[in-house]
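Data block below; observations after.
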Amino acid sequence: MTDTATRGEWVRIHWLVLEAGHRAPNLPDDTRAVPLEARAKGFLLDEAARIGDRVRIRTLIGRELEGRMEAINPEFGHDFGRAVPELLAVGPELRRILQESTR
């Protein structure tokens with residue numbers, strides 16, 4: 001894997017939206033104590049850049065954003081987390097209740 005991207009490659013950037021001291025006063029203390037950060041993916045507008053460089057991108061909806069490049073061709077890394085045993089029984093229990101109510 002390379003750490004250099006060229007114009008038009010799909011990349012992810014990161015930037016600081018608000019410093020911790022500028023967050024809204026009505027936020028919980030632990031939230032207010034950390035900066036608000038953002039990430040976005042888009043096509044690199046610069047001719048070439050390395051991981052960590054400040055770059056410009058164009059998102060799929062056409063927005064131009066600026067930030068530090070974190071990844072080139074980033075993977076989708078989301079999931080729904082671990083199974084919650086208490087919730088696994090909800091579907092079958094609900095079906096049972098609904099079947100009994102239609103009798």
Side-chain angles (χ1 to χ4, degrees):
M1 179 183 271
T2 179
D3 66 346
T4 303
T6 56
R7 184 179 183 91
E9 284 194 74
W10 187 247
V11 300
R12 183 180 65 227
I13 63 170
H14 167 266
W15 70 97
L16 189 64
V17 178
L18 283 174
E19 294 283 349
H22 294 100
R23 304 283 306 259
N26 60 329
L27 291 172
D29 291 340
D30 56 343
T31 301
R32 196 174 52 246
V34 296
L36 176 61
E37 302 175 55
R39 287 177 171 78
K41 297 174 191 167
F43 299 102
L44 184 63
L45 295 174
D46 301 76
E47 288 303 317
R50 295 174 59 89
I51 300 290
D53 287 351
R54 189 155 190 81
V55 300
R56 292 180 316 114
I57 64 167
R58 179 171 290 121
T59 67
L60 285 174
I61 63 170
R63 291 180 62 204
E64 289 191 17
L65 302 170
E66 190 173 314
R68 297 228 178 268
M69 189 168 70
E70 284 188 328
I72 302 165
N73 293 317
E75 298 176 8
F76 291 103
H78 58 280
D79 63 25
F80 296 102
R82 294 181 178 267
V84 179
E86 295 81 2
L87 295 178
L88 294 174
V90 170
E93 179 67 12
L94 182 57
R95 280 188 206 89
R96 186 189 62 73
I97 292 169
L98 290 172
Q99 285 175 347
E100 288 176 1
S101 69
T102 59
R103 291 183 188 164

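One is the number of the first residue; the rest follow in order along the sequence. These figures come from a predicted structure and were not determined experimentally. Reckoned from all heavy atoms, side chains included, excluding hydrogens, waters and symmetry mates.
Counting only residues at least two apart or in different chains, ring-ring contact (aromatic ring centres under 6.0 Å, His included) contacts with residues 12-56 comprise Trp10-Phe43. Pairs passing the ring-ring contact (aromatic ring centres under 6.0 Å, His included) check and including a residue from residues 78-103, sequence neighbours excluded, do not occur.
The number of heavy-atom neighbours closer than 6.0 Å to CZ of Arg96, taken from other residues, nucleotides and ligands shown, is above 12. Residue Arg50 places its CZ atom among 12 or fewer non-hydrogen atoms of other residues, nucleotides or ligands, all under 6.0 Å distant.
Think of Leu88 as one node in a network of Ile, Leu, Val, Met, Phe, Trp and Tyr side chains linked at under 4.5 Å; it has no links at all.
Under the 4.5 Å side-chain heavy-atom criterion for grouping Ile, Leu, Val, Met, Phe, Trp and Tyr, Leu60 is not connected to Ile57 through any hydrophobic cluster. The hydrophobic cluster containing Leu27 does not contain Val17, counting ILVMFWY residues as joined when their side-chain heavy atoms lie under 4.5 angstrom apart, directly or transitively.
Residues passing the salt bridge (charged side-chain N to carboxylate O under 4.0 Å, His left out) test with Glu70, sequence neighbours excluded: Arg12, Arg39. Residues passing the salt bridge (charged side-chain N to carboxylate O under 4.0 Å, His left out) test with Asp79: none are found, sequence neighbours excluded. The salt bridge (charged side-chain N to carboxylate O under 4.0 Å, His left out) search around Arg68 returns none, not counting sequence neighbours.
In this structure, CG in Leu45 is found 6.0 Å from CZ in Arg7, a value given to the nearest 0.5 Å. Summarising the geometry, atom CZ belonging to Arg23 is positioned 4.5 Å from atom CG belonging to Leu36; distances are rounded to the nearest 0.5 Å. Taking CD1 from Ile51 and OG1 from Thr2, the interatomic distance works out to 8.5 Å, rounded to the nearest 0.5 Å. To the nearest 0.5 angstrom, Asp46 atom CG is 11.0 Å from Thr6 atom OG1.
Ionic pairing of Arg56 and Glu66 is not present here: no N-O contact between side-chain nitrogen and carboxylate oxygen is shorter than 4.0 angstrom.
Residue Ile13 comes nearest to Gly67 through the heavy atom pair CD1-N, 3.7 Å, listed as atom of the first residue, atom of the second, then distance. Pairing each heavy atom of Ala33 with each of Ala20, the nearest pair is O-CB, 3.5 Å. What you find for Val55 and Ala49 is that their closest heavy atoms are CG1-CB, 3.3 Å.
Within the 4.5 Å cutoff, side-chain heavy atoms of Glu37 are placed close to those of Leu16.
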